[in-house]
Amino acid sequence: MINAEHVRNDFPILNKKKQGQRFVYLDSAASSQKPMSVIESMSNYYKETHSNVHRGLYDASVEATRLYEESRKKLARFANSQPEEMIFTRNATESLNLVARSLGDQLITKDDCVLTTYLEHHSNLVPWQLLVQRKKARLVAARITREGTLDMADFEKKLDEQPKLVAITLCSNVTGTLPDIKKMVMKAHQQGAVVVVDGAQGVPHMEVDVKSMGMDFMAITGHKMLGPTGIGALYGKKEWLENMPPFLGGGDMIKEVKIQQSTWNDLPFKFEAGTPNISGAIGLGTAIDYLNDLGMHQVRDHEKKLFKHAYGALSERGMTVYGPSDADEKSGIIAFNIEGLHSHDIASILNERNIAIRAGHHCAQPLVNALGAVAMARASFYVYNTEDDIDQMVLALSHAQRILGKSK
Ligand SMILES: Cc1ncc(COP(=O)(O)O)c(C=O)c1O
């Protein structure tokens with residue numbers, strides 16, 4: 001089991017106190033904190049080896065290239081893929097836009113169907129909206145159940161429309177819902193669709209094996225998995241990536257350039273135009289080392305334990321909790337509301353006690369609205385959170401309820 005009190009010590013920001021109160025960080029679904037090892041690996045790179053990658057013939061550049069490519073290998077192993085199938089991007093949003101532009105523009109034609117779901121973050125919705133608008137195609141969304149899980153019957157019914165592309169999330173950033181990806185990929189493939197998975201919220205919290213899950217593409221973002229901001233990745237099956245045109249043009253992504261035309265570099269470089277985020281990739285590699293040392297099974301178990309603790313405490317006190325109640329069906333995220341209080345007020349009350357949560361529509365307006373709300377408060381957990389963090393939050397929320405006369 002993870003000893004979160006011990007883990008906390010690796011995260012310098014968590015030692016920051018406000019009026020003597022420790023920092024309770026419950027917003028890792030927005031962005032996780034960074035351990036000292038990640039911060040140091042990036043600063044060491046700048047202090048000792050900074051230079052550009054893939055072009056210098058001197059020691060520092062060779063070392064920078066080695067570190068950058070080593071991180072790619074670590075990420076590929078982490079998801080059970082091959083390094084040439086792992087393209088570094090800025091974040092999950094860029095990865096999804098890459099697929100929508102490069103593959104989508106080739107694949108989708110007038111009246112074609114793209115299938116997504118009501119569970120999606122705007123990043124896995126808007127790129128498909130733009131694609132169908134460009135192509136005069138159709139975007140269809142599978143519904144959710146009242147409990148906030150994916151309605152599999154509706155998903156299968158919508159597959160009858162023979163979508164050419166299916167875009168689904170590995171984990172909802174609002175309810176923590178974990179759709180049965182393996183089954184959905186299998187069903188979508190039976191209809192001949194390409195499957196794009198948004199892994200932004202799932203990859204940091206559980207073991208993900210792209211080979212056994214079978215998706216064609218998966219978007220990853222580094223800053224939610226202990227890595228720095230500005231670095232993410234796109235996993236893509238080699239057979240797709242090889243046949244897709246580049247997304248951005250420029251240096252490093254070419255093999256030979258003439259005035260009128262060029263040929264493209266091998267994978268994954270064909271999709272990495274320009275100087276990449278070298279320090280970011282190195283930091284992400286160190287974050288993966290950190291997660292591997294903890295063990296992804298342990299990470300998942302730890303978050304399940306925290307969710308159960310939080311769910312019990314919030315529902316006992318009469319708060320509205322959204323999404324599945326079974327920890328096996330969801331990640332360590334709990335979205336809730338308190339009658340008579342806007343979620344922004346909940347977040348402000350908690351902030352007075354140095355407790356950070358997120359409030360609002362969580363960049364998933366269709367989902368929040370489908371659950372009958374316009375805004376929600378959300379606490380999300382990670383490896384450094386303790387049951388005491390949750391107790392601190394519950395104490396502050398109970399106090400707010402008492403002032404409002406809504407306590408149970
Ligand atoms: C489910 C999900 N998908 C995609 C994203 C976008 O991630 P990024 O902003 O790092 O591109 C987020 C970010 O909150 C998310 O929660």
Side-chain angles (χ1 to χ4, degrees), residues 25-34 38 75 79 87-101 116-130 141-142 144 148-150 166-179 181 184 195-206 208 215 217-235 247 271 276-277 280-281 283-284 287 303 322-324 330-335 356-368 370-371 375-382:
Y25 187 73
L26 298 172
D27 197 20
S28 296
S31 195
S32 73
Q33 296 302 347
K34 323 299 170 200
V38 168
L75 184 58
I87 296 153
F88 280 129
T89 59
R90 278 190 305 144
N91 46 40
T93 305
E94 187 174 281
S95 303
L96 293 163
N97 277 278
L98 190 165
V99 182
R101 278 280 173 184
T116 185
T117 83
Y118 270 82
L119 284 178
E120 308 309 319
H121 185 278
H122 298 162
S123 292
N124 200 23
L125 196 53
V126 181
W128 312 119
Q129 289 174 353
L130 294 172
I144 51 161
T149 57
L150 190 81
V166 173
I168 43 180
T169 191
L170 195 56
C171 174
S172 157
N173 63 306
V174 180
T175 55
T177 302
L178 301 169
I181 290 289
M184 291 169 84
V195 183
V196 184
V197 170
D198 173 5
Q201 211 63 248
V203 174
H205 302 282
M206 63 184 98
V208 173
M215 65 279 272
F217 296 92
M218 184 174 72
I220 298 169
T221 205
H223 68 98
K224 294 185 200 288
M225 51 191 289
L226 310 182
T229 53
I231 187 77
L234 174 70
Y235 156 76
F247 172 47
F271 292 101
N277 183 354
L284 178 57
E303 290 178 16
Y322 301 92
K330 59 174 289 149
S331 74
I333 290 178
I334 189 158
I357 63 154
R358 171 95 186 258
H361 58 58
H362 308 284
C363 300
Q365 283 181 353
L367 173 58
V368 169
L371 289 166
M376 293 169 185
R378 178 191 72 187
S380 51
F381 316 127
Y382 212 6

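Because the structure is a prediction, the values reported are computed rather than measured. As the structure lists them, so they are numbered: ligands from 1, and atoms in each ligand from 1.
- With S28 contributing its side chain and S31 its backbone, the two residues share no donor-acceptor pair below 3.5 Å.
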Checklist entry - Checking side-chain contact (heavy atoms from CB on, under 4.5 Å) for the pair N173/R378: CA distance, chi angles, key distance, verdict? => result CA-CA 9 Å; N173 63 306; R378 178 191 72 187; 3.8 Å; yes
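- Nearest approach of F88 to I231, heavy atoms of both residues: CD2-CD1, 3.8 Å.
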Identify all pairs of nitrogen or oxygen atoms, one from ligand 1 and one from the protein, separated by less than 3.5 Å, and list them with distances.
residue	atom	partner	partner atom	Å
ligand 1	3 (N)	D198	OD1	3.3
ligand 1	3 (N)	D198	OD2	2.5
ligand 1	10 (O)	T221	OG1	2.6
ligand 1	10 (O)	H223	NE2	2.7
ligand 1	11 (O)	A92	N	3.3
ligand 1	11 (O)	T93	N	2.9
ligand 1	11 (O)	T93	OG1	2.5
ligand 1	14 (O)	H121	NE2	3.3
ligand 1	14 (O)	K224	NZ	2.6
ligand 1	16 (O)	Q201	NE2	2.5

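- Aromatic rings of H362 and H122 (six-membered ring for Trp) have centroids beyond the 6.0 Å cut-off, not under it.
- Applying the side chain to side chain contact (heavy atoms under 4.5 Å, CB included) criterion to S123, with sequence neighbours excluded, gives T93, L96, H121.
- In this structure, a donor-acceptor pair under 3.5 Å is absent between the side chains of T169 and S172.
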